[in-house]
Amino acid sequence: MVEGDPRSKGAVPHTDIARLKERIEAFLGSAKVPARLRVVQDTTDYFRVDYDDILSLGGRHYLIRHYEREGRFGIDEQPKFWVRRAVDLTDGSLKVIKMVFHERFTTNYGGMVFECVRSPAKEGRILELTAGHPRFMQGITVADSAGNLVRVIDYIRGTPYQQYVSALAGDHEEYYYTHLPGLLSEFVEIAGAIAFLHEHGQTHGDIRRDHIIRDRSDGTCRWVDFDYSCFLRENQFAYDLAGLGNVLLFLAGGGDVTTQQLTREGSPALGHLGPEDMNIIFRNRVANLRKVYPYISEELNYVLMHFSCGARAYYRTTGELVDDLHEALKRTEKEIL
Amino acid sequence: MSKVMEKDRHIMIAADGSENSRRAVEYVADMLGGLQGFRLTILCLIPLPPEEHFESDKQRDEWLEGERINASALLGRFSEICIQAGFPADKVEAKSSERRCPSVSDCLLQEVEEAGACTLVVGRRGLTMKEEFLFGSTSSQVLHDAKGCAVWVVE
């Protein structure tokens with residue numbers, strides 16, 4: 001650490017500071033070089049890691065930028081004070097730095113309550129397991145000087161999945177025939193990535209559409225944020241599977257299809273919908289989308305109905321869901337051709 | 001009588017703190033208590049949460065100790081029911097098992113296989129649709145997956 005910082009275990013030589021300033025100038029321009037540099041090695045108190053600080057981790061230096069924010073369903077974006085954007089001063093690449101924040105809470109999911117924790121170690125395990133896997137964010141875990149497991153993640157320049165799908169979904173019939181086959185094909189891949197985790201005894205822990213980012217560079221969708229771990233005694237993978245169902249329903253409907261929306265639009269489908277057609281968790285969302293959009297294939301609707309109140313059977317593994325999706329995809333592609 | 005016929009039939013009962021598992025124990029006690037040729041294992045499964053659910057080894061040990069105490073008390077009560085119904089004490093084994101379980105049904109069937117039991121007895125909880133969707137029905141899954149053993153589901 002540097003220049004009078006009380007957490008410093010030893011002053012950083014001026015030559016090193018000068019070198020760091022040179023790197024900042026090289027990557028960001030002279031206007032962005034802070035007048036005074038502070039190097040942080042211990043992130044225990046992440047509130048004290050400030051904008052323009054240098055985080056020294058595992059022999060590399062990262063220039064700290066602003067907080068990351070996260071919002072559910074596009075509202076109430078909350079700053080995540082333990083998550084910062086940063087520039088890797090080795091190569092100028094943009095990173096997301098996730099410092100250690102432990103959290104224990106109960107999740108209420110459609111009225112069912114279970115215990116969850118936020119765990120840096122769990123995320124680190126999955127980063128290691130999925131290194132090189134194209135459907136997951138990439139990064140490493142590095143212990144800081146106090147032993148905190150800091151995750152250094154490659155920043156994905158892209159669009160949140162929800163935003164990407166919503167932008168394509170204007171007229172549903174056109175969306176269904178034009179965009180859905182490609183989107184469904186991509187979804188099979190990302191659901192398959194979750195199956196890969198499950199096969200290795202791991203869970204994502206917080207599957208929702210804003211935890212999928214579509215990489216602008218190649219159009220690949222990637223899962224992000226694996227630090228939640230929920231304990232469901234009866235079936236540890238069930239929460240992930242339920243999350244996948246909700247993402248799939250959103251995808252097939254080109255957005256959430258709710259009774260409120262159908263009422264607003266004066267949809268004739270409202271008269272044909274019963275309780276059995278609704279999403280088993282969120283009762284105002286339609287799962288039997290074929291009743292609203294009759295051109296949806298039977299095969300796809302068959303998969304969607306596994307997430308309805310009228311389901312006679314539920315998926316027990318993500319592999320089962322992926323297998324059925326392959327069938328649905330074949331049929332959807334055949335219809336388009 | 002052949003040696004095979006003389007061997008006790010081994011029944012395993014899945015026990016937890018629920019009312020339905022107590023009914024399962026009472027059912028077996030009522031049906032088979034006092035009859036020759038049966039032995040019981042009353043199994044209390046303790047599914048272990050992932051390591052990250054504990055902030056320290058101490059917290060984990062305390063949690064586990066609490067689970068063990070509950071399991072022991074439960075197994076004591078259930079064993080007593082069976083012995084009072086006529087099972088010889090040496091034919092009633094009370095067992096708790098701590099395992100990491102992808103699902104409870106998977107672990108129960110592993111226990112059955114490892115013990116060489118011929119029958120697994122489970123109670124049925126009567127889940128809501130949501131609960132069955134999210135948590136899965138252990139009795140349904142056991143019925144679906146069991147191989148090489150009979151399954152009794154007690155309503």
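Basis for what follows: all heavy atoms, side chains included, without hydrogens, waters or symmetry-related copies.
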Identify which part of [X] has an atom lying under 4.5 Å from any heavy atom of chain B, answering side chain, backbone, both or neither.
X	result
A:Leu232	side chain
A:Ala242	both
A:His198	neither

Within residues 63-83 of chain B, contacts to chain A at heavy-atom distances under 4.5 Å involve B:Trp63, B:Glu67
Could you point out which residue of B:Val121, B:Leu143, B:Val112, B:Thr119 forms a side-chain contact (heavy atoms from CB on, under 4.5 Å) with B:Val151?
-> B:Leu143
Any chance the rings of A:Phe105 and A:Tyr228 have centres within less than 6.0 Å?
-> yes
Ring centres of A:Tyr161 and A:Phe250 under 6.0 Å apart?
-> no
Residues A:Arg125, B:Glu51: salt bridge by 4.0 Å N-O rule = no
Ion pair A:Arg209/A:Asp256, N-O distance below 4.0 Å = yes
Which one of B:Met129, B:Glu132, B:Arg100 has the most heavy-atom pairs closer than 4.5 Å to chain A?
-> B:Met129
Interface residue of largest heavy-atom contact number with chain A, from B:Val104, B:Asp106, B:Leu134, under 4.5 Å | B:Leu134
Results of salt bridge (charged side-chain N to carboxylate O under 4.0 Å, His left out) for A:Glu115 - residues two or more places apart only = A:Arg104
Interface moiety of B:Asp145 toward chain A, non-hydrogen atoms closer than 4.5 Å = side chain
Among A:Gly110, A:Ser229, A:Ala238, single out the residue with the greatest number of heavy-atom pairs under 4.5 Å to chain B.
-> A:Ser229
Would you check, one step at a time, whether the test side chain to side chain donor-acceptor pair (under 3.5 Å) holds for A:Thr44 with A:Asp42?
-> CA-CA 6 Å; A:Thr44 305; A:Asp42 175 356; 2.5 Å; yes
Answer yes or no: is there a donor N or O on one side and an acceptor on the other, between the side chain of B:Gln59 and the main chain of B:Glu55, under 3.5 Å?
-> yes
Under 4.5 Å, heavy atom to heavy atom: which of residues 308-316 of chain A reach chain B? Give them by number, or say none.
-> A:Cys309, A:Tyr314, A:Arg316
Residue pairs meeting disulfide (SG to SG under 2.5 Å), one or both in residues 122-155 of chain B, sequence neighbours left out, come to none
